[in-house]
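First up is the structure itself, then whatever we jot down about it.
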Amino acid sequence: MMTVSADRTTPPAWSNPNFRRLWRGSAASALGSEVAELALPLFALLTLSASAAQASTLRVVQFLPFLLATLPAGLLVDRLGPGRLRLMIGADLGRALLVLLIPVAAWTGTATVTGLYVVVFAVALLTVVFQVADFAVLPAIVDEGQLVDANGKLAAAQSAAEMGGRGVAGLLVQAISAPAALLGNALGYLASAVSLGRIRPAGTDRQPVAHRPPARRSALREAAQGVAVAVRHRYVRPLLGEAATFNLFNEVFVLGLLLWAVQQARLGPVAIGAIFTAGGVGSFVGAWFGARLTGRFGYGRVLLCTLAVGNGAPLGALLANRAGPARLPLLCAAFVVMGVGIGIANVHAVSLRQTATPESLRGRVNAAYRLISWGCVPVGAALGGVVATQAGPFAAIAVGAVGVSLATLWVVFSRVPALTAIHDAAAPLTGS
(Lines give C-alpha, C1' and ligand atoms only; values in the text may rest on other atoms or scores of the structure.)
Protein backbone atom coordinates (compact mmCIF):
# COMPACT_ATOMS: atom_id res chain seq x y z
CA MET A 1 0.00 0.00 0.00
CA MET A 2 2.81 2.42 0.85
CA THR A 3 5.90 2.82 -1.24
CA VAL A 4 9.13 4.19 0.08
CA SER A 5 10.71 6.56 -2.43
CA ALA A 6 14.38 7.01 -3.10
CA ASP A 7 14.18 10.31 -1.23
CA ARG A 8 14.41 8.50 2.14
CA THR A 9 17.84 7.06 1.38
CA THR A 10 19.28 10.30 0.05
CA PRO A 11 21.03 12.81 2.33
CA PRO A 12 18.98 15.97 2.89
CA ALA A 13 19.53 18.89 0.53
CA TRP A 14 21.01 20.89 3.41
CA SER A 15 24.04 18.56 3.41
CA ASN A 16 24.89 19.83 -0.08
CA PRO A 17 27.15 22.94 0.23
CA ASN A 18 26.19 24.19 -3.21
CA PHE A 19 22.53 24.08 -2.26
CA ARG A 20 23.22 26.01 0.94
CA ARG A 21 24.84 28.73 -1.18
CA LEU A 22 21.87 28.76 -3.52
CA TRP A 23 19.47 28.88 -0.57
CA ARG A 24 21.30 31.80 1.06
CA GLY A 25 21.29 33.69 -2.21
CA SER A 26 17.61 33.00 -2.78
CA ALA A 27 16.71 34.03 0.76
CA ALA A 28 18.65 37.29 0.51
CA SER A 29 17.13 38.10 -2.86
CA ALA A 30 13.60 37.27 -1.68
CA LEU A 31 13.90 39.37 1.46
CA GLY A 32 15.16 42.35 -0.53
CA SER A 33 12.34 41.95 -3.04
CA GLU A 34 9.71 41.84 -0.30
CA VAL A 35 11.12 45.03 1.19
CA ALA A 36 10.72 46.65 -2.22
CA GLU A 37 7.10 45.43 -2.49
CA LEU A 38 6.17 48.00 0.16
CA ALA A 39 9.01 50.51 -0.16
CA LEU A 40 8.48 51.14 -3.89
CA PRO A 41 4.84 52.29 -3.73
CA LEU A 42 5.60 54.28 -0.57
CA PHE A 43 8.51 55.92 -2.37
CA ALA A 44 6.21 56.85 -5.24
CA LEU A 45 3.47 58.18 -2.94
CA LEU A 46 5.54 59.86 -0.22
CA THR A 47 8.66 61.03 -2.04
CA LEU A 48 7.34 61.66 -5.55
CA SER A 49 3.75 62.56 -4.54
CA ALA A 50 2.41 60.15 -7.13
CA SER A 51 -1.31 60.07 -7.80
CA ALA A 52 -3.46 56.97 -7.37
CA ALA A 53 -3.40 56.43 -11.14
CA GLN A 54 0.39 56.67 -11.20
CA ALA A 55 0.70 54.23 -8.31
CA SER A 56 -1.56 51.83 -10.20
CA THR A 57 0.52 52.25 -13.35
CA LEU A 58 3.65 51.46 -11.34
CA ARG A 59 2.14 48.09 -10.41
CA VAL A 60 1.28 47.38 -14.06
CA VAL A 61 4.81 48.28 -15.16
CA GLN A 62 6.18 45.98 -12.46
CA PHE A 63 4.07 43.05 -13.71
CA LEU A 64 4.25 43.62 -17.49
CA PRO A 65 7.67 41.98 -18.12
CA PHE A 66 6.34 38.70 -16.75
CA LEU A 67 3.93 38.63 -19.69
CA LEU A 68 6.24 40.07 -22.35
CA ALA A 69 9.61 38.53 -21.55
CA THR A 70 8.94 35.10 -20.07
CA LEU A 71 9.05 33.10 -23.31
CA PRO A 72 12.18 34.86 -24.66
CA ALA A 73 13.84 34.35 -21.27
CA GLY A 74 13.08 30.64 -21.41
CA LEU A 75 14.63 30.41 -24.86
CA LEU A 76 17.74 32.27 -23.66
CA VAL A 77 18.11 29.98 -20.65
CA ASP A 78 17.90 26.82 -22.76
CA ARG A 79 20.34 28.13 -25.37
CA LEU A 80 22.93 29.21 -22.80
CA GLY A 81 23.10 25.83 -21.11
CA PRO A 82 26.39 26.12 -19.15
CA GLY A 83 25.88 29.87 -18.69
CA ARG A 84 22.67 29.66 -16.67
CA LEU A 85 24.31 30.24 -13.31
CA ARG A 86 26.30 33.17 -14.64
CA LEU A 87 23.07 34.55 -16.09
CA MET A 88 21.52 34.52 -12.62
CA ILE A 89 24.53 36.29 -11.12
CA GLY A 90 24.42 38.91 -13.86
CA ALA A 91 20.71 39.45 -13.27
CA ASP A 92 21.36 39.96 -9.55
CA LEU A 93 24.14 42.48 -10.16
CA GLY A 94 22.04 44.32 -12.74
CA ARG A 95 19.07 44.52 -10.39
CA ALA A 96 21.26 45.80 -7.55
CA LEU A 97 22.69 48.57 -9.73
CA LEU A 98 19.27 49.58 -11.05
CA VAL A 99 17.67 49.72 -7.61
CA LEU A 100 20.57 51.83 -6.32
CA LEU A 101 19.68 54.43 -8.94
CA ILE A 102 16.39 55.15 -7.14
CA PRO A 103 17.77 56.49 -3.84
CA VAL A 104 20.61 58.23 -5.68
CA ALA A 105 18.07 60.03 -7.87
CA ALA A 106 16.02 60.94 -4.80
CA TRP A 107 19.00 62.35 -2.92
CA THR A 108 20.18 64.37 -5.95
CA GLY A 109 16.71 65.75 -6.66
CA THR A 110 16.43 64.11 -10.10
CA ALA A 111 13.85 61.41 -9.31
CA THR A 112 10.66 61.38 -11.40
CA VAL A 113 7.70 59.04 -11.69
CA THR A 114 8.59 58.33 -15.32
CA GLY A 115 12.14 57.46 -14.37
CA LEU A 116 10.82 55.15 -11.66
CA TYR A 117 8.69 53.36 -14.27
CA VAL A 118 11.78 52.74 -16.42
CA VAL A 119 13.86 51.39 -13.54
CA VAL A 120 11.08 49.17 -12.19
CA PHE A 121 10.41 47.75 -15.67
CA ALA A 122 14.11 46.95 -16.18
CA VAL A 123 14.38 45.33 -12.74
CA ALA A 124 11.33 43.19 -13.50
CA LEU A 125 12.88 42.08 -16.81
CA LEU A 126 15.96 40.84 -14.98
CA THR A 127 13.76 39.18 -12.36
CA VAL A 128 12.05 37.18 -15.10
CA VAL A 129 15.43 36.02 -16.40
CA PHE A 130 16.63 35.14 -12.89
CA GLN A 131 13.54 33.11 -11.99
CA VAL A 132 13.40 31.17 -15.26
CA ALA A 133 17.11 30.31 -14.97
CA ASP A 134 16.71 29.35 -11.31
CA PHE A 135 14.17 26.66 -12.22
CA ALA A 136 16.63 25.07 -14.66
CA VAL A 137 19.73 25.39 -12.43
CA LEU A 138 18.47 23.68 -9.27
CA PRO A 139 18.31 20.13 -10.72
CA ALA A 140 21.96 20.53 -11.76
CA ILE A 141 23.00 21.37 -8.20
CA VAL A 142 21.18 18.75 -6.13
CA ASP A 143 20.62 15.03 -6.61
CA GLU A 144 17.25 13.82 -7.83
CA GLY A 145 16.40 12.47 -4.39
CA GLN A 146 17.12 15.87 -2.85
CA LEU A 147 14.93 17.84 -5.25
CA VAL A 148 11.73 17.87 -3.19
CA ASP A 149 13.59 18.77 -0.02
CA ALA A 150 15.54 21.48 -1.86
CA ASN A 151 12.41 23.06 -3.34
CA GLY A 152 10.81 22.89 0.10
CA LYS A 153 13.67 24.79 1.69
CA LEU A 154 13.62 27.42 -1.08
CA ALA A 155 9.85 27.83 -0.81
CA ALA A 156 10.13 28.15 2.95
CA ALA A 157 12.70 30.93 2.52
CA GLN A 158 10.30 32.73 0.19
CA SER A 159 7.46 32.33 2.68
CA ALA A 160 9.62 33.64 5.52
CA ALA A 161 10.57 36.64 3.37
CA GLU A 162 6.90 37.32 2.68
CA MET A 163 6.15 37.21 6.40
CA GLY A 164 8.96 39.52 7.46
CA GLY A 165 9.97 41.59 4.46
CA ARG A 166 7.08 44.01 4.33
CA GLY A 167 7.09 44.49 8.08
CA VAL A 168 10.80 45.33 7.91
CA ALA A 169 10.08 47.68 5.01
CA GLY A 170 7.46 49.56 7.01
CA LEU A 171 9.88 50.04 9.89
CA LEU A 172 12.69 51.14 7.56
CA VAL A 173 10.50 53.61 5.69
CA GLN A 174 9.33 55.17 8.94
CA ALA A 175 12.80 55.21 10.50
CA ILE A 176 15.07 56.19 7.61
CA SER A 177 12.78 57.12 4.65
CA ALA A 178 11.59 55.16 1.59
CA PRO A 179 14.68 55.85 -0.59
CA ALA A 180 17.01 54.59 2.13
CA ALA A 181 14.82 51.52 2.68
CA LEU A 182 15.35 50.56 -0.96
CA LEU A 183 19.04 50.11 -0.17
CA GLY A 184 17.94 46.92 1.58
CA ASN A 185 16.55 45.68 -1.72
CA ALA A 186 19.84 46.38 -3.53
CA LEU A 187 21.90 44.77 -0.76
CA GLY A 188 19.74 41.66 -1.00
CA TYR A 189 20.55 41.29 -4.69
CA LEU A 190 24.26 41.85 -4.04
CA ALA A 191 24.28 39.23 -1.29
CA SER A 192 22.54 36.82 -3.64
CA ALA A 193 25.13 37.40 -6.38
CA VAL A 194 28.00 36.78 -3.96
CA SER A 195 26.46 33.56 -2.67
CA LEU A 196 25.64 32.25 -6.15
CA GLY A 197 29.16 33.06 -7.30
CA ARG A 198 30.51 30.53 -4.78
CA ILE A 199 28.54 27.63 -6.29
CA ARG A 200 30.68 25.01 -8.03
CA PRO A 201 28.30 22.34 -9.40
CA ALA A 202 30.23 19.27 -10.45
CA GLY A 203 29.96 18.48 -14.11
CA THR A 204 27.03 20.76 -14.85
CA ASP A 205 26.79 24.48 -15.34
CA ARG A 206 30.55 25.04 -15.34
CA GLN A 207 31.11 22.74 -18.31
CA PRO A 208 30.04 22.81 -21.93
CA VAL A 209 27.07 20.68 -22.82
CA ALA A 210 26.25 18.93 -26.06
CA HIS A 211 22.50 19.49 -26.07
CA ARG A 212 22.51 23.14 -27.10
CA PRO A 213 19.95 23.68 -29.87
CA PRO A 214 21.34 24.26 -33.35
CA ALA A 215 22.04 27.93 -34.01
CA ARG A 216 19.95 28.02 -37.19
CA ARG A 217 16.73 26.90 -35.56
CA SER A 218 13.91 29.41 -35.48
CA ALA A 219 13.62 31.16 -32.12
CA LEU A 220 9.85 31.29 -32.57
CA ARG A 221 9.73 27.56 -33.24
CA GLU A 222 11.83 26.79 -30.18
CA ALA A 223 9.63 28.96 -27.97
CA ALA A 224 6.54 27.29 -29.43
CA GLN A 225 8.02 23.92 -28.57
CA GLY A 226 8.12 24.93 -24.91
CA VAL A 227 4.45 25.94 -25.04
CA ALA A 228 3.54 22.65 -26.77
CA VAL A 229 5.26 20.56 -24.12
CA ALA A 230 3.65 22.55 -21.30
CA VAL A 231 0.13 21.98 -22.63
CA ARG A 232 0.62 18.37 -23.77
CA HIS A 233 2.92 16.65 -21.26
CA ARG A 234 1.02 14.13 -19.15
CA TYR A 235 2.39 15.54 -15.87
CA VAL A 236 2.98 19.20 -16.69
CA ARG A 237 -0.44 19.82 -18.30
CA PRO A 238 -2.59 19.05 -15.22
CA LEU A 239 -0.29 21.10 -13.00
CA LEU A 240 -0.54 23.99 -15.45
CA GLY A 241 -4.33 23.73 -15.56
CA GLU A 242 -4.50 23.72 -11.77
CA ALA A 243 -2.13 26.69 -11.42
CA ALA A 244 -3.98 28.78 -14.02
CA THR A 245 -7.37 28.03 -12.47
CA PHE A 246 -6.06 28.74 -8.98
CA ASN A 247 -4.50 32.06 -10.01
CA LEU A 248 -7.68 33.16 -11.78
CA PHE A 249 -10.06 32.47 -8.90
CA ASN A 250 -7.64 33.33 -6.10
CA GLU A 251 -7.54 36.89 -7.42
CA VAL A 252 -11.35 36.98 -7.24
CA PHE A 253 -11.27 35.52 -3.72
CA VAL A 254 -8.61 37.88 -2.34
CA LEU A 255 -10.17 40.99 -3.87
CA GLY A 256 -13.57 40.07 -2.47
CA LEU A 257 -12.05 39.34 0.94
CA LEU A 258 -10.26 42.68 1.08
CA LEU A 259 -13.35 44.63 0.07
CA TRP A 260 -15.58 42.73 2.51
CA ALA A 261 -13.08 43.07 5.36
CA VAL A 262 -12.77 46.83 4.91
CA GLN A 263 -16.28 47.84 3.86
CA GLN A 264 -18.52 45.41 5.73
CA ALA A 265 -16.61 43.59 8.47
CA ARG A 266 -14.77 46.78 9.45
CA LEU A 267 -11.53 44.95 10.09
CA GLY A 268 -8.51 47.20 10.53
CA PRO A 269 -5.16 46.98 8.73
CA VAL A 270 -3.59 45.01 11.59
CA ALA A 271 -6.36 42.40 11.50
CA ILE A 272 -6.19 42.10 7.71
CA GLY A 273 -2.42 41.79 7.89
CA ALA A 274 -2.79 39.05 10.50
CA ILE A 275 -4.96 37.02 8.11
CA PHE A 276 -2.37 37.06 5.33
CA THR A 277 0.50 36.56 7.77
CA ALA A 278 -1.29 33.41 8.97
CA GLY A 279 -1.22 32.17 5.39
CA GLY A 280 2.50 32.89 5.20
CA VAL A 281 3.14 30.99 8.42
CA GLY A 282 1.22 27.99 7.10
CA SER A 283 3.08 28.12 3.80
CA PHE A 284 6.43 28.22 5.61
CA VAL A 285 5.57 25.19 7.73
CA GLY A 286 4.26 23.23 4.75
CA ALA A 287 7.20 24.07 2.51
CA TRP A 288 9.85 23.31 5.14
CA PHE A 289 8.48 20.01 6.45
CA GLY A 290 6.34 18.73 3.58
CA ALA A 291 9.02 16.60 1.95
CA ARG A 292 8.91 14.23 4.95
CA LEU A 293 5.48 12.99 3.85
CA THR A 294 6.58 11.82 0.42
CA GLY A 295 8.41 8.65 1.34
CA ARG A 296 5.64 7.52 3.66
CA PHE A 297 2.56 8.04 1.48
CA GLY A 298 3.79 8.22 -2.12
CA TYR A 299 4.53 11.24 -4.28
CA GLY A 300 1.30 11.60 -6.23
CA ARG A 301 -0.94 11.01 -3.22
CA VAL A 302 0.81 13.64 -1.14
CA LEU A 303 0.60 16.18 -3.96
CA LEU A 304 -3.10 15.52 -4.58
CA CYS A 305 -4.20 15.38 -0.95
CA THR A 306 -2.33 18.50 0.14
CA LEU A 307 -3.56 20.32 -2.95
CA ALA A 308 -7.15 19.37 -2.10
CA VAL A 309 -6.70 20.58 1.48
CA GLY A 310 -5.05 23.86 0.49
CA ASN A 311 -7.44 24.65 -2.34
CA GLY A 312 -10.46 23.67 -0.26
CA ALA A 313 -9.52 25.83 2.73
CA PRO A 314 -10.93 29.11 1.25
CA LEU A 315 -14.39 27.56 1.49
CA GLY A 316 -14.07 28.10 5.24
CA ALA A 317 -14.21 31.85 4.60
CA LEU A 318 -17.86 31.43 3.57
CA LEU A 319 -18.68 31.02 7.26
CA ALA A 320 -17.09 34.36 8.19
CA ASN A 321 -20.16 36.43 7.37
CA ARG A 322 -22.08 34.79 10.22
CA ALA A 323 -19.21 34.18 12.62
CA GLY A 324 -19.46 37.49 14.48
CA PRO A 325 -16.49 38.07 16.81
CA ALA A 326 -15.02 34.72 15.75
CA ARG A 327 -14.58 35.79 12.13
CA LEU A 328 -10.95 36.87 12.54
CA PRO A 329 -9.79 33.60 14.17
CA LEU A 330 -11.84 31.70 11.57
CA LEU A 331 -10.20 33.49 8.65
CA CYS A 332 -6.73 33.12 10.19
CA ALA A 333 -7.32 29.39 10.65
CA ALA A 334 -8.53 29.03 7.06
CA PHE A 335 -5.43 30.80 5.76
CA VAL A 336 -3.10 28.68 7.92
CA VAL A 337 -4.64 25.50 6.50
CA MET A 338 -4.53 26.95 2.99
CA GLY A 339 -0.88 27.89 3.44
CA VAL A 340 0.16 24.47 4.76
CA GLY A 341 -1.63 22.57 1.99
CA ILE A 342 -0.50 24.77 -0.86
CA GLY A 343 3.00 25.08 0.59
CA ILE A 344 3.46 21.30 0.47
CA ALA A 345 1.71 20.89 -2.88
CA ASN A 346 3.68 23.66 -4.59
CA VAL A 347 7.00 22.13 -3.55
CA HIS A 348 5.96 18.78 -4.98
CA ALA A 349 4.54 20.35 -8.14
CA VAL A 350 7.70 22.33 -8.91
CA SER A 351 9.89 19.29 -8.26
CA LEU A 352 7.68 17.17 -10.50
CA ARG A 353 7.89 19.69 -13.34
CA GLN A 354 11.67 19.83 -13.03
CA THR A 355 11.97 16.04 -13.11
CA ALA A 356 9.42 15.41 -15.86
CA THR A 357 10.75 18.05 -18.26
CA PRO A 358 13.81 17.15 -20.38
CA GLU A 359 16.85 19.19 -19.34
CA SER A 360 17.19 20.82 -22.75
CA LEU A 361 13.61 22.14 -22.54
CA ARG A 362 13.36 23.24 -18.90
CA GLY A 363 13.82 26.94 -19.54
CA ARG A 364 11.23 27.12 -22.32
CA VAL A 365 8.68 24.87 -20.63
CA ASN A 366 8.94 26.80 -17.36
CA ALA A 367 8.60 30.06 -19.28
CA ALA A 368 5.45 28.84 -21.03
CA TYR A 369 4.09 27.53 -17.73
CA ARG A 370 4.61 30.87 -16.02
CA LEU A 371 3.25 32.85 -18.94
CA ILE A 372 -0.03 30.92 -19.02
CA SER A 373 -0.54 30.60 -15.28
CA TRP A 374 0.49 34.16 -14.43
CA GLY A 375 -1.46 35.51 -17.39
CA CYS A 376 -4.60 34.51 -15.49
CA VAL A 377 -3.77 36.91 -12.64
CA PRO A 378 -4.92 40.17 -14.33
CA VAL A 379 -7.93 38.35 -15.78
CA GLY A 380 -8.90 37.19 -12.29
CA ALA A 381 -8.42 40.68 -10.88
CA ALA A 382 -10.75 42.11 -13.52
CA LEU A 383 -13.30 39.34 -12.96
CA GLY A 384 -13.20 39.92 -9.22
CA GLY A 385 -13.94 43.61 -9.74
CA VAL A 386 -16.95 42.81 -11.92
CA VAL A 387 -18.38 40.25 -9.47
CA ALA A 388 -17.80 42.47 -6.43
CA THR A 389 -19.39 45.47 -8.17
CA GLN A 390 -22.41 43.62 -9.50
CA ALA A 391 -23.12 41.15 -6.68
CA GLY A 392 -21.14 42.42 -3.70
CA PRO A 393 -17.80 41.54 -2.06
CA PHE A 394 -19.04 38.39 -0.34
CA ALA A 395 -20.27 37.04 -3.67
CA ALA A 396 -16.73 37.48 -4.98
CA ILE A 397 -15.42 35.56 -1.96
CA ALA A 398 -17.84 32.73 -2.76
CA VAL A 399 -17.05 32.61 -6.48
CA GLY A 400 -13.32 32.70 -5.78
CA ALA A 401 -13.42 30.06 -3.04
CA VAL A 402 -15.46 27.63 -5.14
CA GLY A 403 -13.27 28.21 -8.21
CA VAL A 404 -10.06 27.64 -6.23
CA SER A 405 -11.39 24.39 -4.78
CA LEU A 406 -12.36 23.15 -8.25
CA ALA A 407 -8.81 23.75 -9.52
CA THR A 408 -7.80 20.46 -7.87
CA LEU A 409 -9.87 18.53 -10.43
CA TRP A 410 -7.12 19.06 -13.01
CA VAL A 411 -4.85 16.82 -10.92
CA VAL A 412 -7.58 14.40 -9.82
CA PHE A 413 -8.24 13.36 -13.43
CA SER A 414 -4.58 12.94 -14.40
CA ARG A 415 -1.74 10.47 -14.00
CA VAL A 416 -0.16 12.46 -11.18
CA PRO A 417 -1.89 10.65 -8.26
CA ALA A 418 -0.51 7.31 -9.48
CA LEU A 419 3.12 8.42 -9.01
CA THR A 420 4.78 6.60 -6.12
CA ALA A 421 8.17 8.32 -6.44
CA ILE A 422 9.37 11.39 -8.28
CA HIS A 423 11.84 9.47 -10.45
CA ASP A 424 8.87 7.63 -12.00
CA ALA A 425 8.06 10.87 -13.83
CA ALA A 426 11.47 11.05 -15.49
CA ALA A 427 10.36 8.95 -18.47
CA PRO A 428 11.12 9.99 -22.06
CA LEU A 429 8.85 12.75 -23.33
CA THR A 430 5.79 11.20 -24.99
CA GLY A 431 3.26 14.01 -25.06
CA SER A 432 0.01 13.02 -23.41
Side-chain angles (χ1 to χ4, degrees), residues 1-10 12-13 19 74 77-78 132 134-155 204 211 225-244 246 287 290-308 310 342-370 372-373 407-432:
M1 179 177 178
M2 297 179 184
T3 301
V4 178
S5 73
D7 296 8
R8 298 189 67 180
T9 61
T10 304
F19 172 72
V77 166
D78 280 342
V132 172
D134 183 40
F135 178 90
V137 164
L138 181 62
I141 290 177
V142 301
D143 296 334
E144 180 186 279
Q146 297 174 328
L147 196 55
V148 178
D149 186 37
N151 276 314
K153 297 297 189 292
L154 290 171
T204 55
H211 68 265
Q225 185 181 11
V227 175
V229 172
V231 300
R232 293 177 56 201
H233 194 282
R234 60 183 175 272
Y235 296 125
V236 178
R237 180 182 60 222
L239 298 177
L240 173 57
E242 187 280 331
F246 176 91
R292 300 181 182 183
L293 300 174
T294 305
R296 179 172 297 180
F297 299 109
Y299 200 91
R301 291 183 196 171
V302 170
L303 199 162
L304 175 59
C305 291
T306 55
L307 197 63
I342 293 177
I344 297 173
N346 279 350
V347 168
H348 285 70
V350 171
S351 302
L352 177 55
R353 286 162 47 207
Q354 288 169 327
T355 302
T357 306
E359 197 275 339
S360 61
L361 287 170
R362 278 191 189 128
R364 283 169 285 167
V365 173
N366 184 45
Y369 189 100
R370 293 166 66 87
I372 296 170
S373 60
T408 309
L409 293 177
W410 283 93
V411 177
V412 171
F413 298 107
S414 74
R415 301 185 187 182
V416 172
L419 284 172
T420 56
I422 190 170
H423 59 74
D424 294 336
L429 187 64
T430 59
S432 60

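Along the sequence shown, residues are numbered consecutively beginning with 1. Keep in mind that what you see is a predicted model, and the values were worked out from it rather than measured.
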- Message: When you measure from the side chain of Tyr369 to the backbone of Val227, do you find a donor-acceptor pair of N or O atoms at a distance under 3.5 Å?
- Response: no
Applying side chain to side chain donor-acceptor pair (under 3.5 Å) to Thr408 and not counting sequence neighbours gives Asn311
Heavy atoms of Val302 and Thr306 approach each other most closely as O-OG1, 2.6 Å
Tyr299 and Val148 have their tightest heavy-atom pair at CE1-CG2, 3.3 Å
query: Mind checking whether Leu303 and Leu239 have side chains closer than 4.5 Å, heavy atoms only?
result: yes
Taken to the nearest 0.5 Å, the spacing of Ser414 OG from Glu242 CD works out to 10.5 Å
message: Tell me whether Asn346 contacts the main-chain N or O of Gly343 through its side chain, where contact means a donor paired with an acceptor under 3.5 Å.
response: no
Interatomic distance, CG@Leu419 vs CG@Leu352, rounded to 0.5 Å, equals 6.0 Å
For Val236 and Ala230, the nearest pair of non-hydrogen atoms, with its separation, is CG1-O, 3.7 Å
Review point. Are any non-hydrogen side-chain atoms of Gln354 and Leu138 less than 4.5 angstrom apart?
Key: yes
dist Phe246:CZ -> Ile342:CD1 (nearest 0.5 Å) comes out at 3.5 Å
**Message:** Is the shortest side-chain heavy-atom distance between Trp410 and Leu240 below 4.5 Å?
**Reply:** no
Residue set satisfying side chain to side chain donor-acceptor pair (under 3.5 Å) with Arg362, at least two apart, ordered chain then number -> none
Requested in this report: Say whether, by atom type as modelled, one donor and one acceptor occur between the side chain of Asn151 and the main chain of Val350 under 3.5 angstrom.
Outcome: no
Between Tyr235 and Arg415, is there a cation-pi geometry (under 6.0 Å to ring centre, at most 45° from the normal)?
no
Would you call Pro139 and Thr355 a side-chain contact if the rule is heavy atoms closer than 4.5 Å? no
Shortest non-hydrogen pair, Asn366 vs Val132, comes out as ND2-CA, 3.7 Å
Original post:
Is there a donor-acceptor contact under 3.5 Å from the side chain of Arg237 to the main chain of Arg232?
Top reply: yes
Ile422 and Ser351 have their tightest heavy-atom pair at CD1-O, 3.5 Å
Is His233 close to Thr357 at the side-chain level, that is, under 4.5 Å between some pair of heavy atoms? no
Taken to the nearest 0.5 Å, the spacing of His348 NE2 from Leu304 CG works out to 12.0 Å
With side chain to side chain contact (heavy atoms under 4.5 Å, CB included) as the criterion, how do Val365 and Arg353 come out once you've worked through the C-alpha distance, each side chain's angles and the decisive distance to 0.1 Å?
CA-CA 9 Å; Val365 173; Arg353 286 162 47 207; over 6 Å; no
